[in-house]
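One structure below.
Positions are given from 1 along the sequence.
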Amino acid sequence: MTAQIQYADVEVGTELPAASFPVTRATLVRYAGASGDFNPIHWNEKFAKEVGLPDVIAHGMFTMAEAIRVVTDWTGDPGAVVEYGVRFTKPVVVPNDDQGALIEVTAKVAAKLDDKRVRVDLTAMSVGQKVLGMSRAVVQLG
């Protein structure tokens with residue numbers, strides 16, 4: 001596959017469609033099983049609070065993966081992402097209720113690079129707090 005977005009069709013400042021990703025305790029259990037990360041801070045409320053967290057928190061790598069979906073959905077090709085990095089700034093706290101938490105992601109083209117590549121800067125928020133810092137992807141466009 002190749003990116004469905006053409007390099008000539010984007011400019012610095014082009015905004016990608018925003019998306020929101022719900023996270024429940026069940027989501028975290030499924031992710032733990034898939035990733036093999038069974039750290040109790042991701043599923044055991046008592047343990048999470050004992051170690052100083054406000055509640056169970058989402059896995060950092062899960063949060064990172066949800067955020068990049070904005071880019072992969074935009075390009076139509078997950079393989080178009082050639083670089084991706086973040087700093088984990090705040091945890092996504094996932095309450096034990098029917099709603100859980102919400103990760104809200106926006107992104108925009110921050111730079112046009114050589115070889116039909118662009119740098120996309122992402123902003124991931126949960127409960128009004130930025131949960132990923134320096135979230136950037138380099139994307140190969142058509």
Side-chain angles (χ1 to χ4, degrees), residues 1-45 47-49 51-142:
M1 291 180 69
T2 58
Q4 297 171 4
I5 303 296
Q6 298 300 306
Y7 183 80
D9 295 336
V10 300
E11 298 298 331
V12 170
T14 297
E15 294 185 11
L16 284 61
S20 296
F21 304 101
V23 186
T24 64
R25 296 278 178 96
T27 308
L28 299 181
V29 170
R30 286 191 299 275
Y31 181 81
S35 69
D37 182 351
F38 293 102
N39 187 322
I41 64 173
H42 303 303
W43 58 270
N44 184 317
E45 185 174 329
F47 182 85
K49 289 181 177 182
V51 298
L53 295 168
D55 208 331
V56 165
I57 62 170
H59 303 72
M61 295 303 284
F62 172 82
T63 304
M64 187 178 176
E66 290 292 85
I68 197 65
R69 287 176 57 191
V70 167
V71 176
T72 60
D73 289 351
W74 176 65
T75 64
D77 178 11
V81 177
V82 296
E83 291 179 33
Y84 179 44
V86 305
R87 288 191 180 146
F88 300 107
T89 56
K90 298 275 184 191
V92 174
V93 177
V94 183
N96 190 19
D97 59 20
D98 293 336
Q99 295 184 352
L102 195 62
I103 302 169
E104 300 173 287
V105 183
T106 58
K108 67 179 178 179
V109 174
K112 289 186 84 168
L113 309 172
D114 294 333
D115 299 326
K116 295 186 180 182
R117 292 181 176 191
V118 296
R119 190 187 89 217
V120 176
D121 290 355
L122 298 93
T123 301
M125 307 283 289
S126 185
V127 195
Q129 294 189 341
K130 188 183 262 191
V131 295
L132 298 176
M134 298 295 292
S135 185
R136 295 179 173 169
V138 175
V139 183
Q140 181 70 58
L141 299 181

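Residues Thr24 and Val94 approach most closely at C-CG1, 3.7 Å, considering heavy atoms. Heavy-atom minimum distance, Lys90 versus Lys130: CG-O, 3.4 Å. Across all non-hydrogen atoms, the minimal contact from Ala137 to Val81 is CB-CG1, 4.5 Å. Nearest approach of Leu28 to Ala58, heavy atoms of both residues: CD2-CA, 3.6 Å. Smallest separation of non-hydrogen atoms from Ala3 and Ala80: CB-CB, 4.0 Å. In plain terms, the two heavy atoms of Phe88 and Met61 that are nearest each other are CZ-SD, 4.1 Å.
In this structure, CG on Asp77 lies 11.0 Å from CD1 on Ile5, to the nearest 0.5 angstrom. Rounding to the nearest 0.5 Å places OG1 of Thr123 at 11.5 Å from CD of Glu104. The structure places CD of Glu45 at 4.0 Å from CG of Asp55, a figure rounded to the nearest 0.5 Å. Here CD of Glu83 is found 11.0 Å from CD of Gln140. Values are rounded to the nearest 0.5 Å. To the nearest 0.5 Å, atom CD of residue Glu66 and atom OG of residue Ser20 are 11.0 Å apart. To the nearest 0.5 Å, atom CD1 of residue Ile68 and atom CG of residue Asp73 are 10.0 Å apart.
In this structure, Thr14 contributes its side chain and Val109 its backbone to no donor-acceptor pair below 3.5 Å. Ser126 contributes a side-chain N or O that, together with a main-chain N or O of Leu102, makes up a donor-acceptor pair within less than 3.5 Å. Looking only at distances, no side-chain donor or acceptor of His59 sits under 3.5 Å from a matching main-chain atom of Tyr31. Under a 3.5 Å cut-off, the side chain of Lys112 and the backbone N or O of Tyr7 do form a donor-acceptor pair. For Asn39 (side chain) and Ile41 (main-chain N/O), a donor-acceptor pair under 3.5 Å exists by modelled atom type.
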Test side-chain contact (heavy atoms from CB on, under 4.5 Å) applied to Ile57 and His42, step by step: CA-CA 5 Å; Ile57 62 170; His42 303 303; 4.0 Å; yes
Stepwise side-chain contact (heavy atoms from CB on, under 4.5 Å) test for Trp74 and Val10: CA-CA 12 Å; Trp74 176 65; Val10 300; 3.6 Å; yes
Full working for side-chain contact (heavy atoms from CB on, under 4.5 Å) between Leu132 and Leu122: CA-CA 8 Å; Leu132 298 176; Leu122 298 93; over 6 Å; no
Verdict with reasoning, Val23 to Phe62, per side-chain contact (heavy atoms from CB on, under 4.5 Å): CA-CA 10 Å; Val23 186; Phe62 172 82; 3.7 Å; yes
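Looking at residues two or more places apart in sequence or on another chain, you find no side-chain hydrogen bond (donor to acceptor under 3.5 Å, both in side chains) involving Thr72.
Side chains of Thr75 and Val139 form a contact here, defined as non-hydrogen atoms less than 4.5 Å apart. Proximity of Val70 to Phe21: side-chain heavy atoms (C-beta onward) are separated by under 4.5 Å at one or more points.
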